[in-house]
Enquirer: 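So that we are looking at the same thing, I have put the structure below in structure tokens.
Throughout, protein chains are lettered first and strands after them, A, B, ... in sequence-line order, and every chain is numbered starting at 1. Basis for what follows: all heavy atoms, side chains included, without hydrogens, waters or symmetry-related copies. Given the structure is predicted, the values throughout are model-derived calculations rather than measurements.
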Amino acid sequence: MSVPRFPVGAAVRIRRAYPPGHVRAPFYLRGCAGAVNQIVGEMGDPEELAYGRGKGQPVTVYRVRLRQPDIWPDYAGPPHDTLVVDVYENWLEANGEEGP
Amino acid sequence: MSDPHGHSHSHPPHPYQPDLEDAPLTHYQILELAVAELLIEKGIFTGDDMRRVLENIDSRSPADGAKVIARAWVDPEFKSRLMADTNAAAAELGIDAGTIPIHTVENTPEVHNVIVCTLCSCYPRLLLGLPPDWYKSRAYRSRLVREPRAVLAEFGTELPDDIEVRVHDSTAELRYLVLPMRPAGTEGLDEAALADFVTRDCMIGVTLPRSPDG
């Protein structure tokens, strides 16, 4: 078991990266900032498992909560609407700014 | 002698529903057939094993999820266990929810939850059965995260602005189930009667359970 890198409440950003292959970080959220809502636990890394690799290297999965206006600057609904997404730890980086 | 059809057949033939075989197989349909045949040929599993798995999938329906929700409405301790471990709570009711962890999200007067899988069509099949076609559509998957209130309104669900709409994008090996709020006017009803108010769509979060008061 590896120690989760981010605690609940941590301000995080989903990496703005565009690697080839099987990727589980949705395109529309890359580069977006939010906060760790929950640490789900360790899971196999789908980006390796998709190619028959990585069974021995589980990755911590987080539920990250983002404010809709931080995803869509022209979001039509009220600013307190949110989105929660499952993110693998290798897709998260620390963000100095405050999360929701 | 009169024509039993009521009219003469001088017009072109009626259009007919195409047979399954009239559409060409896609690349992935051929691949799936080939892999299944190989696995059976190599003795990894039998055709009977495969049929039983498909039968099990086909036997699941939203009635299973509704039983779980109705129990949570009448039994607060069960509800706590459901929120902590949905698969184990379902097993208490004799429902095999499988090995992929299901996470229940609770609607409150302040928060309305709704589920989508933008990457594909992840869905708690063992509690809700097969997903509806719209859940898998590109329109639902792309629009729910972009304009959730507009999508909900198309399902007839208009929520006041002071409620937080919380969209869950299911992208890992987790599945999501919405625990709706128990509708007003159901105070005297027992668990079985309550389950009738729990529809598939309100466990996805696109609708609310109707109230017997109308």
Side-chain angles (χ1 to χ4, degrees), chain A residues 4 14-15 21-30 32 34-50 52 54-55 58-92 100, chain B residues 83-87 99-124 138 140-154 157-178 205:
Chain A
I14 297 166
R15 284 172 47 223
H22 180 84
V23 171
R24 287 288 183 91
F27 189 91
Y28 73 100
L29 292 173
R30 298 191 205 165
C32 292
V36 172
N37 192 243
Q38 185 190 350
I39 299 170
V40 175
E42 294 191 321
M43 292 187 173
D45 181 357
E47 297 176 9
E48 293 295 312
L49 289 170
K55 282 204 171 74
V59 178
T60 301
V61 175
Y62 299 84
R63 306 206 66 223
V64 174
R65 187 161 163 222
L66 302 94
R67 294 175 345 117
Q68 286 281 17
D70 291 338
I71 307 171
W72 317 106
D74 62 345
Y75 182 68
H80 53 253
D81 282 355
T82 58
L83 181 135
V84 183
V85 60
D86 314 320
V87 188
Y88 292 80
E89 189 174 83
N90 54 318
W91 274 95
L92 289 179
Chain B
M83 300 303 296
D85 184 340
T86 297
N87 303 61
T99 53
I100 300 179
I102 300 173
H103 189 102
T104 298
V105 289
E106 182 185 11
N107 285 349
T108 67
E110 291 82 34
V111 178
H112 178 84
N113 296 282
V114 57
I115 313 301
V116 65
C117 169
T118 56
L119 297 180
C120 50
S121 56
C122 295
Y123 189 76
R138 195 165 58 216
Y140 180 76
R141 286 159 42 225
S142 54
R143 290 185 58 220
L144 190 78
V145 296
R146 182 72 176 91
E147 45 177 10
R149 287 175 186 264
V151 175
L152 291 174
E154 288 169 24
T157 307
E158 310 238 13
L159 298 170
D161 274 1
D162 59 339
I163 290 181
E164 171 191 335
V165 170
R166 192 177 292 172
V167 175
H168 298 265
D169 190 356
S170 175
T171 54
E173 305 312 308
L174 288 167
R175 302 292 178 264
Y176 293 94
L177 180 74
V178 173

Enquirer: Heavy-atom cut-off 4.5 Å, strictly under: side chain, backbone, both or neither for A:Y28 against chain B?
Expert: side chain
Enquirer: One pair to check against side-chain contact (heavy atoms from CB on, under 4.5 Å): A:Y88 and B:T171. What are the steps and the verdict?
Expert: CA-CA 9 Å; A:Y88 292 80; B:T171 54; 5.6 Å; no
Enquirer: Sub-4.5 Å heavy-atom contacts with chain A: which residues of residues 108-120 of chain B show up?
Expert: B:T118, B:L119
Enquirer: If you look at every heavy atom in B:P148 and A:Q68, which pair is closest and at what distance?
Expert: CG-NE2, 3.9 Å
Enquirer: Restricting to side chain to side chain contact (heavy atoms under 4.5 Å, CB included), what partner residues turn up for B:S121, sequence neighbours left out?
Expert: B:R125, B:K136
Enquirer: Can you give me the closest heavy-atom contact between B:A172 and A:D86, atom names plus distance?
Expert: N-OD2, 3.2 Å
Enquirer: Taking only heavy atoms into account, what residues of residues 160-167 of chain B are found under 4.5 Å from chain A?
Expert: B:D161, B:D162, B:I163, B:E164, B:V165, B:R166, B:V167
Enquirer: Please classify the contact between A:V85 and chain B as side chain, backbone, both or neither, with a heavy-atom cut-off of under 4.5 Å.
Expert: both
Enquirer: Might you work through the side-chain contact (heavy atoms from CB on, under 4.5 Å) test for B:H103 and A:V40, ending with a clear yes or no?
Expert: CA-CA 10 Å; B:H103 189 102; A:V40 175; 6.0 Å; no
Enquirer: When rounded to the nearest 0.5 angstrom, what is the spacing between CG in A:L83 and CZ in B:R146?
Expert: 12.5 Å
Enquirer: Taking side-chain hydrogen bond (donor to acceptor under 3.5 Å, both in side chains) as the definition, give me every residue that meets it alongside A:R30, ordered by chain and number, with sequence neighbours left out.
Expert: none
Enquirer: Please name the pair of heavy atoms, one in A:M43 and one in B:E173, separated by the smallest distance, quoted to 0.1 Å.
Expert: CE-O, 3.5 Å
